[in-house]
Amino acid sequence: MKPIQVGLLGIGTVGSGTFEVLNRNQEEIQRRAGRGIEVTMVADLDVARAKSIVGANVQVVGDARKVIANPDIDIVVELIGGYGIAKQLVLEAIEAGKHVVTANKALLAVHGTEIFAAAHKKGVMVAFEAAVAGGIPIIKALREGLTANRIQWLAGIINGTTNFILSEMRDKGLAFNDVLKQAQALGYAEADPTFDIEGVDAAHKVTLMSAIAFGVPVQFDKAYVEGITKLEAQDIKYAEQLGYRIKLLGISKRTTAGIELRVHPCLVPAKRLIANVEGAMNAVMVHADAVGTTLYYGKGAGSEPTASAVIADLVDITRLHTADPLNRVPHLAFQPDAMSNLPILPMAEVVTSYYLRMRVADQAGVLAKVTGILANADISIDAVLQREAGEGESHTDLIILTHDCVEAKMNQAMAEMQQLSTVLAPITRIRKEELN
Ligand code: NDP
Ligand code: HSE
């Protein structure tokens, strides 16, 4: 049978890895797919560099639209990134009847509804395994492996840059900015690293996982997003003393009122496997009714790990492209006419537990006032830690762990505590997840 012909749009980090792995493992991939898969055309702004990667047998062009216009190309792989030209090219490829593979989580989290609808109308596939947690086959697991289950929640370390920063800060006591520079030099960070450190990249990814897990439309605009830029080294240290690690988690939970969709730093018990995921590695926990809790771990970024996921999608499309579109796995796991309209809950309605750190005057009665406010709000305390005031110091740090309460109550209690004359600085609040 004639090989499937692939056109690559963008041959940077992921594109070059895809080309390399596809060539290296061509024979095994063909045995799995049932026919050859060949990159026959590449578009990149830097034509000379692209030619030096792919050699003389592959046509290289500077204009991506020439790839889309080529009637011999069966699958277009978008590896440019961003929501600008990448969105136009993906929609044009779909309109031209091409199947699309993309690693672009930003594009799908923001414009997924439009893109999946266009693909559905045209009867083509849009595959995006590489968009979440790089080489970990988490999309396949959620969409197919766990298809018997009612998924209850998922929580993941899905941004390698921030996990690397938190690990280095904890292990080596390094400062945030120094570690960020290292992460950029190592190629983990996005073109705009604020997407990593402000939690946006993780929110793109958890938005996609949430849609597949619960059969809801992609709704990035409703996600609560908080990054790691306000975290202080002392919080990492206090968390450690209390038996926790701080991780940036992407969390989505099903509740009776709606779906929680949030990214923020989180205290996680140090004994959980996920708390021990270090460096740029990723991991996702999924809790579902039949299977219980499962954990997926691996490299969430990098040229070949991400290429591994891109090629898995190419093989899937090669196997399925002649199938009736109605018999293919739906883009978001659930049939498009069977999507749920459960709302995404505002953060004020989320129920979780908390770590609070307060800089307080070292005076009698301070603890009683603080705990009195929490008691009035019906917020139960789990643990209290007070740093011994240093010699000559008139203030100290008070750390409180709470049990679960609704965020709106905590917001109110924090506002009241902040008014106390004995609370000397803005209160630090970090959410806590037991993940059991
Ligand atoms: P790179 O920046 O390394 O590669 C993008 C390539 O696209 C560059 O070669 C760029 O050329 C080229 N390009 C830009 N505009 C155009 C255009 N209009 N036409 C053709 N080519 C163009 O990005 P990555 O490979 O790192 O990322 C690609 C996608 O994969 C992104 O969506 C990213 O979020 C996602 N991703 C990346 C991971 C990673 O580990 N890097 C992991 C998971 C997902 P030039 O350099 O000349 O501008
Ligand atoms: N910037 C991303 C990360 C790359 O650090 O995880 C992979 O999506």
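These numbers come from a predicted model, not from an experiment. Hydrogens, waters and symmetry mates play no part in the numbers below; they use all other heavy atoms, side chains included.
The aromatic rings of His287 and Trp153 lie parallel to each other, their planes meeting at an angle below 30°, with 60° marking the opposite boundary. Using bins of under 30°, 30° to 60° and over 60° for the plane-to-plane angle, the ring pair Tyr188/Phe164 lands in the perpendicular bin. Between His111 and Tyr83, the two ring planes are perpendicular [angle over 60°; tilted spans 30° to 60°].
Side-chain N or O atoms of Asn276 include one that pairs as donor or acceptor with a backbone N or O of Ala270 at under 3.5 Å. No side-chain donor-acceptor contact under 3.5 Å links Lys205 to the backbone of Val132. Of the possible polar contacts, one joining the Gln219 side chain to the Pro217 backbone as a donor-acceptor pair under 3.5 Å is found. Counting only distance, with no hydrogens or angles, the side chain of Asp404 and the backbone of Ser353 share a donor-acceptor pair below 3.5 Å. Not a single donor-acceptor pair under 3.5 Å links the side chain of Ser308 to the backbone N or O of Glu304. For Thr428 (side chain) and Leu356 (main-chain N/O), no donor-acceptor pair under 3.5 Å exists by modelled atom type. Without hydrogens or angle criteria, His321 side chain to Thr318 main chain gives a donor-acceptor distance under 3.5 Å. Ser210 contributes no side-chain N or O that, together with a main-chain N or O of Thr207, makes up a donor-acceptor pair within less than 3.5 Å.
Between Val206 and Arg262 there is no side-chain heavy-atom pair separated by less than 4.5 Å. Side-chain contact between Thr255 and Glu260 is present, with at least one heavy-atom pair separated by less than 4.5 Å.
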Can you list, pair by pair, the side-chain donor-acceptor contacts under 3.5 Å of residues 118-125, counting residues two or more places apart and other chains?
{"from": "Lys122", "atom 1": "NZ", "to": "Glu95", "atom 2": "O", "distance (Å)": "3.2"}

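Pairs engaging residues 155-168 under the side chain to side chain donor-acceptor pair (under 3.5 Å) rule: Asn159-Thr162, Asn159-Asp196, Asn159-Asp201, Asn163-Lys247, Ser167-Glu278, Glu168-Lys172 [sequence neighbours left out].
The CZ atom of Arg32 sits 8.0 Å away from the CG atom of Asn25 when rounded to the nearest 0.5 Å.
With salt bridges taken as basic N to acidic carboxylate O contacts below 4.0 Å, one links Arg431 and Glu407.
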_Residue pair Arg429, Glu226: steps toward the salt bridge (charged side-chain N to carboxylate O under 4.0 Å, His left out) verdict_ = CA-CA 12 Å; Arg429 172 239 309 262; Glu226 184 183 315; 5.9 Å; no
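Aromatic ring centroids of His331 and Phe128 lie 6.0 Å or more apart.
Considering Arg272, Glu434, Glu433, Lys271 as possible partners of Tyr244, the one that fulfils the side-chain hydrogen bond (donor to acceptor under 3.5 Å, both in side chains) test is Glu434.
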